[in-house]
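This report concerns only the one structure given below.
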Amino acid sequence: MDDKKIARINELYRKSKAEGLTEAEKAEQDTLRREYIQSVRQNLRSQLNNVMIQEEDGSVTDLGKKFGGIKDEQS
């Protein structure tokens, strides 16, 4: 998600509080919000796939390899 889209989300939010949105603007806001949430989820998933845990016995467990293929039911 680029800065222009984030700025547009904020602009639409401020306008919705000040004077309300047209139906087209509400649809645009909903689309942009969904895209933003998807982007955040992707970034979080990527970060979690790069986590490694060192076990007490000294071995290292790569959580990305262990759990990376599991999909979240809501996405």
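Note that these values count all heavy atoms, side chains included, but never hydrogens, waters or copies made by symmetry. Because the structure is predicted, anything quoted here is derived from the model rather than measured.
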**Message:** Going by the rule salt bridge (Lys or Arg N to Asp or Glu O under 4.0 Å), which residues pair with Glu56 if we only count those two or more places apart in sequence or in a different chain?
**Reply:** none
**Message:** Suppose clustering is done on Ile, Leu, Val, Met, Phe, Trp and Tyr with side-chain heavy atoms closer than 4.5 Å. Which residues sit in the same group as Met1?
**Reply:** Ile6, Ile9, Leu12, Leu21, Leu32, Tyr36, Val40
**Request:** Go through the steps to decide whether Leu48 and Leu63 satisfy the test side chain to side chain contact (heavy atoms under 4.5 Å, CB included), and finish with yes or no.
**Result:** CA-CA 7 Å; Leu48 292 175; Leu63 296 182; over 6 Å; no
**Request:** May I ask you to check whether Gln54 and Ser59 show a side-chain donor-acceptor distance below 3.5 Å?
**Result:** no
**Request:** Working to the nearest 0.5 Å, report the span between CD of Glu11 and OG of Ser16.
**Result:** 11.0 Å
**Asked** Are any of the side-chain heavy atoms of Gln29 and Arg8 separated by less than 4.5 Å?
**Response** no
**Request:** For side chain to side chain contact (heavy atoms under 4.5 Å, CB included), just list the numbers for Glu55 and Val60, CA-CA rounded to whole Å, side-chain angles, deciding distance to a tenth of an Å, and then say yes or no.
**Result:** CA-CA 6 Å; Glu55 305 292 341; Val60 176; over 6 Å; no
**CG (Asp2) with more than 12 external heavy atoms under 6.0 Å** = yes
**Item:** Distance (rounded to the nearest 0.5 Å) between Gln38 CD and Glu35 CD
**Value:** 7.5 Å
**Prompt:** If you take all heavy atoms of Asn49 and Asp62, which pair is closest and at what distance?
**Reply:** O-OD1, 3.7 Å
**Item:** Which residues share a side chain to side chain donor-acceptor pair (under 3.5 Å) with Arg14, sequence neighbours left out
**Value:** none
**Message:** Are the side chains of Arg33 and Tyr13 in contact, using a 4.5 Å heavy-atom criterion?
**Reply:** yes
**Prompt:** When you check the gap from the basic side-chain N to the acidic O, do Arg34 and Asp30 get nearer than 4.0 Å?
**Reply:** yes
**Polar side-chain atom of Glu25 near backbone of Thr22 as donor-acceptor pair, under 3.5 Å** = yes
